[in-house]
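For reference, the structure is listed below as structure tokens.
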2 protein chains.
Amino acid sequence: MANNPRTLRIDLASPRPVYEQIVSGLRAVLVAGEFEPGDQLPTVRQLAVDLGVHHNTVAESYRVLAEEGWLDLRRGRGAVVLDRRDPRPTTEAKQGFGRRLEELVAKAITDGVPRSALADQMAALAKKLGKT
Amino acid sequence: MANNPRTLRIDLASPRPVYEQIVSGLRAVLVAGEFEPGDQLPTVRQLAVDLGVHHNTVAESYRVLAEEGWLDLRRGRGAVVLDRRDPRPTTEAKQGFGRRLEELVAKAITDGVPRSALADQMAALAKKLGKT
DNA sequence: CGCAGTTGTACATTGTATGCATACAATAGG
DNA sequence: CCTATTGTATGCATACAATGTACAACTGCG
């Protein structure tokens with residue numbers, strides 16, 4: 001059984017739905033390649049205990065990721081990471097990223113994060129993506 | 001009275017709350033400097049009609065932006081853009097941006113957007129921020 | 001083969017949030 | 001003043017999030 005991704009943290013006080021935080025966090029972990037195809041994710045009950053939520057909440061998250069093609073879910077067996085092939089991007093997906101990125105930056109600026117720090121982080125991530 | 005920001009678009013079909021879409025979109029507009037301090041934003045009722053939602057929904061968005069220090073709200077007078085001073089950033093704000101950025105990228109990759117396209121958009125925005 | 005344990009799933013319940021309708025309060029401008 | 005305009009408050013219908021509980025499918029050991 002694979003370990004629990006340590007980078008996964010959720011905020012129960014956040015207005016953002018917990019199951020969505022789990023989806024978003026796990027998706028980042030999967031994209032980062034922390035798990036190989038064939039690896040087992042924690043069971044819904046195990047991860048639920050670790051995060052302090054109900055197992056149905058985790059199950060809902062796993063279902064979203066399965067729908068996206070990241071996971072194979074089966075009773076008694078658990079959640080297995082799949083060898084995923086990227087779909088064709090819609091124009092909405094491409095434009096959506098740009099808008100969301102601007103909105104994310106605007107929020108950070110509103111929170112007082114210096115623009116230089118934002119530029120640095122984006123440049124660093126862009127560089128990492130380019131190396132692939 | 002100032003014009004309506006044309007870049008503001010909302011999606012009633014999205015699971016994302018409409019009032020939050022308005023907040024996020026308007027915040028990006030304000031950060032971009034489309035409005036000067038002292039400018040009037042559309043009235044809650046006017047913007048509500050333009051977007052096809054109830055004026056209370058817009059009012060809720062304006063209240064959030066007022067709380068963030070972007071707007072001054074008064075009955076009979078409308079919403080006036082303030083000369084805002086950036087607050088001290090919390091460590092949570094700084095770390096939060098990095099995590100959210102990774103999650104946003106992961107979602108785009110899941111949707112099939114090429115990594116090169118993501119890197120390009122981030123590099124472009126980083127450059128624009130640096131020039132300020 | 002059987003059977004106990006494990007794992008994901010289905011469904012009902014409860015609390016909360018979203019968006020709207022409606023009425024109200026404060027201000028502007030004649 | 002008085003009326004129109006603007007943001008605000010309250011109550012409601014509805015939908016969603018998270019949970020409690022029971023169930024179905026699969027594993028693995030005897």
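So that the names make sense, note that chain A is the first sequence line, chain B the second, and so on, each numbered from 1. Side-chain atoms are counted along with the backbone in the values below, which use heavy atoms only and exclude waters and symmetry mates.
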Identify, between B:R75 and A:R74, the residue whose nearest nucleotide on DNA chain D lies closer to the 5' end.
-> B:R75

Over how many whole Å does the gap from B:L47 atom CG to D:dG7 atom C1' extend?
-> 14 Å

Residue among A:R16, A:R9, A:R27, A:R100 satisfying salt bridge (charged side-chain N to carboxylate O under 4.0 Å, His left out) with B:E103 = A:R16

Indicate whether the side chain of A:Q46 and that of A:D50 have a donor and an acceptor atom separated by less than 3.5 Å.
-> yes

In Å, rounded to the nearest 0.5 Å, how long is the span from CG of B:L8 to CG of B:L26?
-> 5.0 Å

Separation of D:dA22 P from A:H54 NE2 (nearest whole Å) = 12 Å

Gap between atoms CG and C1', on B:L71 and D:dT8 respectively (whole Å) = 15 Å

Which nucleotide in the set D:dG7, C:dG8, D:dG20 lies at the smallest distance from any side-chain heavy atom of B:L73?
-> D:dG7

Where each residue is assigned the nucleotide of DNA chain D containing its nearest heavy atom, which of A:Y19 and A:H55 is assigned the position nearer the 5′ end?
-> A:Y19

Does B:R63 place a side-chain N or O at less than 4.0 Å from the phosphate oxygens OP1/OP2 of D:dT8?
-> yes

Would you mind reading off the distance between B:Q46 atom CD and D:dG7 atom P, rounded to a whole angstrom?
-> 11 Å

Distance, rounded to the nearest Å, where A:R16 contributes CZ and C:dT16 contributes C1' = 19 Å

Rounded to the nearest angstrom, tell me the gap between atom CG in A:L51 and atom P in D:dA18.
-> 12 Å

Whole angstrom value for the distance that separates P of C:dG8 from CG of A:L65 | 13 Å

Starting from P on C:dT7, measure out to CD on A:Q40 and report it in whole angstrom.
-> 9 Å

Taking A:S24 for its side chain and A:E20 for its backbone only, find out whether a donor-acceptor pair lies under 3.5 Å.
-> no

Residue B:T43, side-chain heavy atoms: nucleotide from D:dT19, D:dT6, C:dC20 that is nearest | D:dT6

Taking OP1 and OP2 of D:dT6, is either one under 4.0 Å from a side-chain nitrogen or oxygen of B:R45?
-> no

Respond yes when some side-chain nitrogen or oxygen of A:T57 is under 4.0 Å from OP1 or OP2 of D:dA17, and no when none is.
-> no

Any side-chain N or O of B:R77 less than 4.0 Å from the OP1 or OP2 oxygen of C:dA28?
-> yes

4.5 Å side-chain heavy-atom contact, A:K94 and A:T90 | no

